[in-house]
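A short worksheet on the structure shown next.
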Amino acid sequence: MTGDEIWGVVKILLKYLLPTLKIFGFTLLYSVPLGMIVALLKMCRFKPIKWLTSLYILIMRGTPLMLQVIVAYFAVPMLKRSEAMPSLLHKLLEAVNIQADSYLFNTVLVAFVLNYAAYFAEIFRGGIESIPKGQYEAAAALGFSKRQTFFRIILPQVIKRVVPASSNEVITLVKDTSLANVVAYAEITMKARQQMQNFSSLTPLFIAGAFYFVLATVLTVIFSFIEKKLDYYK
Amino acid sequence: MASMLEVKNLSKNFDDLSVLKDISFSVNKGDVIAVIGPSGSGKSTLLRCINQLEKASGGEVLVCGKTMFSTDENGKVVYAPAADLREIRLKIGLVFQNFNLFPHFSVLRNITEAPVRVLKKSREEATETARGLLKKMGLESKENAYPCELSGGQQQRVSIARAMALSPEILFFDEPTSALDPELTGEILKVIRQLAADGMTMVIVTHEMEFARDVADRVIFMEHGVIVEEGAPQQLFGAQASERTKQFLQRFNSGKEPQD
Ligand SMILES: Nc1ncnc2c1ncn2[C@@H]1O[C@H](COP(=O)(O)OP(=O)(O)OP(=O)(O)O)[C@@H](O)[C@H]1O
Ligand SMILES: [Mg+2]
């Protein structure tokens, strides 16, 4: 490939950086709070909720994300066609327009959020459970409410403890966005593959690789900065 | 003399295990009470029941004349409404064996957080109080340090200041020196002595017999969840003490703590 051709590919991939970052950003935006909720549900003392949550986490972590993306994409059209559906569900599904531009993005996002929430939930649960009982007791003895105890005493300590594990997840996520190409969501990897075929050259793939590498490196730097910031105690 | 704490027939079971049986005693204003006894005798559980960290199984507790809980004719323990319980809880400060300071807060913030969030004091006022307490604890230079930067003895002094910042009527100590190296226990005992001299009402669970004899107005000896003997230190540490108390002290003094 000539220099101009390479520059052309870089420009195309730069354009598709946005869809990649959109998945990355929105997945984080939703899966982190959802993960927190799932973690709390898993620690719920009401057993059925605990079991259901565990099952959800087990399935999400025990099956490939790529498969989950495919399922999310085909679930609605398949269910719409199915005769054995309760009418209520049919009505609900009718509201979903699978022709809409946003449909593809939304299905990919649903799969990513559900998957990543499960991973974050396990990290957060580990973090919450690692806080010694004495912290809760000291807070109670000082008259803090349950809410104050969680948000002011426990959560800040949990955050510090979960940052290293979370940073791994976040860096994995930036690379996992490439899985969205399995349902023809136009992002960097898919475009790089097209360009590879256009030019009969591996170079576009290497360029795509460089994109991910830069993103992952930037995230690594950001997280090591955060870890340093949180290093003011213990 | 005003009764600060009244414990009547308090009992506590963990499932089948009966840990406290029919415990009764009272604490008057300015009293310093030492609670001694072998490991597992229920000393911590006693403090924890009065501090609402454990639910009692029976009996009655009054703090400053307010009923915290009582037992109805069916033997069911009835606690006061939540708002009253909160108020009662603030009357009793608790100092833990292993400090339980909040590691993510500076020394100053450890002390001011509860007054600000719980008592809704202004941060300026809370800070002023905290500085006064730190001075008393000999830690005025440490207000910006984090707990992990302090020695065990310093951490325990911060935790005493933290409890004092809520101006409790009574201060409970659960083995405040047991997690400390022997050379650091002295600084904590000194602080407690100072508090006693200031007239603070205190209940101190301790294995420091010398200290208990010195500082306490009354000593309670517990074993197997009951109060075996209660009286002035001269009595419990003297020749007229009951056989059980003497045995315990003898074994204790011979170096190893009796493991029940
Ligand atoms: N949460 C709990 N669940 C079950 N049993 C408990 C619990 N807490 C304490 N116990 C039991 O209650 C008994 C009294 O314990 P407690 O901690 O009050 O003793 P202690 O006198 O403070 O002993 P030590 O001097 O070792 O601190 C022990 O047999 C202990 O095993
Ligand atoms: Mg104890």
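FYI, side chains are in, hydrogens and waters are out, and symmetry mates aren't considered; it's all heavy atoms of this structure. Labels below follow one simple rule: chain letters A, B, ... track the order of the sequence lines, proteins then strands, and each chain is numbered from 1.
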Arg162(B) side-chain N/O to Leu142(A) backbone N/O, donor-acceptor pair under 3.5 Å: no
Without placing hydrogens or testing angles, list every side-chain donor-acceptor pair under 3.5 Å for residues 11-21 of chain A, not counting sequence neighbours.
from: Thr20(A); atom 1: OG1; to: Tyr16(A); atom 2: O; distance (Å): 3.4
from: Thr20(A); atom 1: OG1; to: Ile188(A); atom 2: N; distance (Å): 3.3

Flag if over 12 foreign heavy atoms under 6.0 Å of CZ, Phe150(A): yes
For Gln135(A) against Pro103(B), the heavy-atom pair lying closest together: OE1-CD, 3.5 Å
Toward chain B, the part of Gln148(A) with a non-hydrogen atom under 4.5 Å: side chain
Phe102(B) versus chain A, the contacting section by heavy-atom distance below 4.5 Å: both
Over 12 foreign heavy atoms within 6.0 Å of CZ, Phe26(A): no
Greater than 12 external heavy atoms within 6.0 Å of Arg161(A)'s CZ: yes
Most chain A-contacting option - heavy-atom pairs closer than 4.5 Å, from Val118(B), Leu119(B), Leu101(B): Val118(B)
Side-chain donor/acceptor pairs under 3.5 Å, residues 227-234 of chain A, sequence neighbours excluded:
from: Tyr232(A); atom 1: OH; to: His104(B); atom 2: O; distance (Å): 3.4

Lys121(B) atom NZ: more than 12 heavy-atom contacts under 6.0 Å: yes
Toward chain A: residues of residues 122-132 of chain B with heavy atoms under 4.5 Å: none
Smallest separation among heavy atoms of Arg86(B) and Gly143(A), with atom names: NH1-O, 3.4 Å
For chain A, the option from Ile92(B), Leu94(B), Leu85(B), Leu53(B) that forms the most heavy-atom pairs under 4.5 Å: Leu53(B)
Crowding at CZ, Phe25(B) (>12 non-hydrogen neighbours, <6.0 Å): yes
Phe213(A) atom CZ: more than 12 heavy-atom contacts under 6.0 Å: no
Inter-chain contacts: residues 105-117 of chain B against chain A, heavy atoms under 4.5 Å: Phe105(B), Glu113(B), Ala114(B), Arg117(B)
